[in-house]
Amino acid sequence: MVVTRFAPSPTGYLHIGGLRTALFSWLWARKNGGKFLLRIEDTDLSRNSQEALAAILEAFDWVGLDYDGDVIYQSERFDFYRQYIDRLLAEGKAYKCYMTKEELDALRAEQMARGERPRYDGRYRDFTGTPPAGVEPVIRIKAPTEGEIVFTDGVKGQIRIAASEVDDFIIARSDGTPTYNFVVAIDDALMGLTDVIRGDDHLYNTPKQLVVYEALGFTPPRFYHVPMIHNEQGRKLSKRDGAMDVMEYKRQGFLPEALLNFLVRLGWSHGDQEIFSREEMLEHFDPHEINKSASSYNLDKLLWLNAHYIKNSPNEKLATLLEGFGVHVAGHDRMEILLDAVKERSKTLVELAEHIRMILEAPIEYDPKAVKKAFKGEAFEILEAFKARLLLAGEPHLPSDYHKVMEGFVAEREIGFGKLGQPLRVALLGRLSGPGMDEVMAILGVEETVARIERAIETLRDQE
RNA sequence: GGCCCCUUCAUCUAGCGGUUAGGAUUCCAGGUUUUCAUCCUGGCCACAGGAGUUCGAGUCUCCUAGGGGUCACCA
């Protein structure tokens, strides 16, 4: 049985670094038919935020990562942790420390001045005298004083850290609330975690947590510390380059499958494969194969993946998604033609929506450069004649029907396709780029096409 | 600064002692297309540096440099 978890602290929204470790944990649990748990690390009551928690849950829902059982809140388990603190105190594995914050700060300043590493000096470790009055003590755990703490990381290999690097760290604040490294170890152990997959920044917490495991007699899980994601310049990720709320990706028109595909390939690969369906991720993912080095965020690749998933999405699905971007095409009788025409040229749903509007909404103005290029020679005359031809064509339906009309027209007049296509494009779309004219006409129908041609002729002739 | 980790094209990566160092994104060129995009073909671009070990090193060892993480009554 594999049990993994994602354990965010509700102090901010979920960003892609967190989402990636969540994805890795989720994949590993699901792949093995195990459990994926969600635990909220909210022991610091002063820093919690309901909005942050809601945003995290919303993001999970959007990308489709499901968790087993109820969300667990550490803030609701303080009494529970208290038992373990008392136990360690009774067993002499933890002790009360009466140093005040001010004293601690002074000690640190002194050590720094001497060029030493700031560190608790253990002055209350074996204290038996009379405690100073008026000081609420913190509880510190007794960490080993010599030797080293060794553990095997599933990503980094064997890690050895000198015991002298680990302080007698605080497990309960002077107000009695327990601290992070203490409760994480207890919860991970008691929730039956077998594999802890988390960010690299937790590597140094591991020896501390192992001290807790040791003191409480718990068996530690396997650890995997996944490297950080940097920005495109190789520096720490900032909001500007991707460390934004995962939900912001939704707003910017990304598909969750594209985002997940992008993230799974950051620090992990399976041969030359770039595109992974959820099933393929589940089939191939293994945390032991995660790379040791940090990787950089690359927006171009994310956009490429997103374009890929848009191109390969069923039109029905795109139509539903487009509702969120103010475009209603679900009822449009040419929806299939319309979406087929635009989905190959859109990197995001935002672009997809723009392209659709560009077709459905008649041009307000005509791009002067396009006009200059397309309206040379007998363009007006050609458009007039084509309009007349269209009115005689009945009501063609498919792009191929319109194509035949165009074909017949240019053949008869012995002109190139461009002679008709270019001015027609400006007349219908106001610009020189876009889907094929046959598709556009099939979407608009004869009536609207003719109306746009007439308006263009009228407007542009006045400008001559 | 101490400790720990990392280092293959600009970027994501393959490689697990013997390869013309492969793929993908970006970029460039060509083809397809009435245009744009898609798509197809081709091209540019990398083993951080230095010592060893070895018949042979991107792959093993050490050193240097660079980058990152961490040193809280935060998580």
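Chain identifiers are assigned alphabetically (A, B, ...) following the order of the sequence lines, protein sequences preceding nucleic acid strands; residue numbering begins at 1 within each chain. Being a predicted model, the structure only gives us computed values, none of them experimental.
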Do A/Glu165 and A/Arg119 meet the salt-bridge criterion of a basic N to acidic O distance under 4.0 Å? no

Comparing A/Arg20 and A/Glu439 on RNA chain B - which has the more 5′ nearest nucleotide: A/Arg20

Return yes if the base of B/C5 and the side-chain atoms of A/Lys292 contain a donor-acceptor N/O pair under 3.5 Å, otherwise no. no

Centroid-centroid under 6.0 Å between A/Tyr309 and A/Trp304 rings: no

A/Gln273 CD to B/C12 C1', straight-line distance once rounded to whole Å: 14 Å

Is any side-chain N or O of A/Glu274 under 3.5 Å from a base N or O of B/G23, one able to act as donor and the other as acceptor? yes

So does A/Asp200 pair up with A/Lys156, basic N to acidic O under 4.0 Å? yes

Rounded interatomic separation in angstrom, taking CZ from A/Phe386 and C1' from B/U34: 11 Å

With B for base contact, S for sugar-phosphate-only contact and - for none (protein heavy atoms under 4.0 Å), nucleotides 62-75 of chain B reads -----SSBSSSBBB

From the options B/G2, B/U35, B/U11, select the nucleotide whose nearest atom is closest to the side chain of A/Glu165. B/G2

Less than 4.0 Å between a side-chain N and a carboxylate O, is that true for A/Arg39 and A/Asp188? yes

Carboxylate-amine/guanidinium contact A/Lys208 A/Glu214, below 4.0 Å: no

salt_bridge(A/Asp367, A/Lys369) N-O dist < 4.0 Å: no

Show the nearest heavy-atom pair for residues A/Pro178 and A/Tyr81, with the distance to one decimal. CG-CD1, 3.7 Å

Salt-bridge test for A/Asp195 and A/Arg222: reply yes if a basic N is under 4.0 Å from a carboxylate O, no otherwise. yes

Touch check for A/Gly421, heavy atoms < 4.0 angstrom, all strands: base, sugar-phosphate only, or nothing? base

If a protein heavy atom is under 4.0 Å from the base, mark B; if only from the sugar-phosphate, S; if neither, -; do that for nucleotides 38-46 of chain B going 5' to 3'. SS-------

Tell me which nucleotide among B/U13, B/U7, B/U35 gets nearest to the side chain of A/Ser293. B/U7

Taking the side chain of A/Lys156 as heavy atoms from C-beta outward, which of B/C12, B/C5, B/C4 is closest to it? B/C5

Mind checking if A/Gly436 touches a base, just sugar-phosphate, or nothing, with heavy atoms under 4.0 Å? base

Apply the side chain to side chain contact (heavy atoms under 4.5 Å, CB included) test between A/Pro423 and each candidate in A/Leu428, A/Ile453, A/Leu383; give the one that qualifies. A/Leu383

Is A/Leu266 touching bases, backbone alone, or none of the nucleic acid, heavy atoms closer than 4.0 Å? sugar-phosphate

Looking at B/U34, B/C4, B/U11, which one has an atom nearest to any side-chain atom of A/Ile159? B/C4

Could you tell me whether the phosphate oxygens of B/A14, OP1 or OP2, come under 4.0 Å of any side-chain nitrogen or oxygen in A/Ser269? yes

